[in-house]
Structure formats: structure tokens, C-alpha cells
Amino acid sequence: MILDPPETRALRLEMVARQIRARGVADPRVLRAMEEVPREWFVDGVEPSLAYGDHPLGIGWGQTISQPYMVAAMAELLNLKGGETVLEIGTGSGYGAAILSRLAARVVSVERHTALLEEARFRWQRLGLDTILGVPGDGSLGYPAKAPYDAICVTAAAPSLPEALLGQLRSFHSRLVIPVGSRLRQTLQVVCRTLRNQPLVQNAFDCVFVPLIGKQGWPSAPHEPR
């Protein structure tokens, strides 16, 4: 397993100190994962210093790799202990799943762009991250074949809470972290199920994500890559 390469270790440590810990992320397991996974491996053709910048980066197909703080904050909100099976919606570059794989026992990651998924699989393989299953599909519908899940992390914005995802949570203690709102601005929500199978929603903070395209998300606009 190739983690924490020494040539970019200083960049990761500085990223965690200035961008993540300083903004309130305190889970030591999340901080350690962010210090170990080489972010530069997930953004082709970008200088390492830019890869660790405090901003998202385009990765093609109208998609982005989220800023480091957002990846860490969402991981912390999932409250993972190490033995869980996690569903990630929106593989993108594969970086988010790589971080989650350091926090949970297994990660299932769904991506609608097969080219992005193939690139992510190659990166996971190079890093020796063999507990991630990448699958193509409509992420707004989740991935019923491996359900239920202890946690679900959605890295694209939905207009409303997808019922399919809520139904794939394992128990009332499981968490779904998802940005919900308009195409231009959303609120990051932490969602659990009540005993009556209704969503219990807590708002974390405002955010901006690419849209979740799918049957229980947004329809694909003509100018958006399919």
C-alpha cells in the first residue's frame, strides 16, 4: 500500500493544519486519513501545491474534486468508527472514497460517468486500496445490491432528499450526509430515520456542489456532460 509519500508529506500536514483542523474538524481518524492519502494522485496534470489548495478542482465531465475541508467535514459528519459499510454517491476522482476507505471497513462508490470511474479504479489499485467497490449507475437511486449501509455520503447536490437513499440506511443510527437545495446553493444535511421511517434532518452548513443527476435528483441539462 502506497500512502503518505514523503515527497508531499509537508503539503498534506500543512493542508490539515491550516484548512481542516483550524476550521474545527477534530476527529483524529479523519485528520490522519487526510494526512495519509496523496491528493495529488487524484488530479492529473496539476502541480502538487495546487492539488492541496483550499479550493475544488475540475476533473473533467463537468465534475470536481471537492476542497479538502469539505471532504474532511463530510467524513467527520458520518461519525465512522471503523467497521462500517459506506455508500458514496459521486465517485468523481476517487479521492473521497479513498479517504472513506481509511475510516470504514468497506466503501461502495457509484458514478454515472464510466470514464471517471475507470480512472478512479486505477488510482485505488495503484494505492492498494482494495476495500473500495466502484460501480456505474444512477447515484440518486443508491446501490440496492449491497444495501443496507451504515452511512451514505453524497457528493452532489439534490433538489430534495432522495427516498431511495433514505431507504438504504441500515438502522435508525445510520447517517446520510447530503447537500440539498437549488443548483446554485445548498445546505449540507445530516439525515437519519425515525422509528416511523421519516427523515430526521439536521442542517450543518451552506455549501455549493455540482448537481446530482438522476431519477431522484436533477434532470440532465442540455449543456451538461452525460
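These numbers were taken from a predicted model, which means no experiment stands behind them.
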Under 3.5 Å, side chain of [X] to main-chain N/O of [Y], donor-acceptor pair present?
X      : Y      : value
Glu84  : Ser174 : no
Gln186 : Ala158 : no
Ser101 : Ile132 : no
Arg21  : Leu31  : no
Glu76  : Val30  : no
Arg39  : Tyr52  : no
Asp150 : Thr85  : yes
Asp138 : Lys215 : yes
Glu111 : Thr91  : yes

Query raised in the report: Hydrophobic clusters join Ile, Leu, Val, Met, Phe, Trp and Tyr when side-chain heavy atoms are under 4.5 Å apart, directly or via other members; which others share one with Val191?
Result: Leu87, Ile89, Val108, Val110, Leu133, Val135, Tyr143, Tyr149, Ile152, Val154, Leu161, Leu165, Leu166, Leu169, Leu176, Ile178, Val180, Val201, Leu212

Value rounded to 0.5 Å, distance of [atom1] in [X] from [atom2] in [Y]:
X      : Y      : atom1 : atom2 : value
Met34  : Asp27  : CE    : CG    : 12.0 Å
Glu14  : Gln19  : CD    : CD    : 8.0 Å
Leu200 : Arg175 : CG    : CZ    : 10.0 Å
Leu80  : Cys153 : CG    : SG    : 9.0 Å
Thr64  : Ile59  : OG1   : CD1   : 6.5 Å
Arg12  : Arg32  : CZ    : CZ    : 14.5 Å

Query raised in the report: Excluding sequence neighbours, so at least two apart, what forms side chain to side chain contact (heavy atoms under 4.5 Å, CB included) with Arg126?
Result: Trp41, Phe122

Query raised in the report: Looking only at heavy atoms, which two atoms of Trp124 and Ala97 are closest? And how far apart?
Result: CZ2-CB, 3.6 Å

Residues, nucleotides or ligands: over 12 heavy atoms within 6.0 Å of [X] [atom1]:
X      : atom1 : result
Glu7   : CD    : yes
Arg18  : CZ    : no
His55  : NE2   : yes
Glu118 : CD    : yes

Query raised in the report: Taking only residues two or more places apart in sequence, or in another chain, which ones meet Tyr95 in a ring-ring contact (aromatic ring centres under 6.0 Å, His included)?
Result: Phe42

same_hphob_cluster([X], [Y]) at 4.5 Å side-chain heavy-atom cutoff:
X      : Y     : value
Leu188 : Leu78 : yes
Ile20  : Leu57 : yes
Val208 : Tyr69 : no

Query - Exercise: do Glu88 and Ser109 side chains pair donor with acceptor under 3.5 Å - result: yes

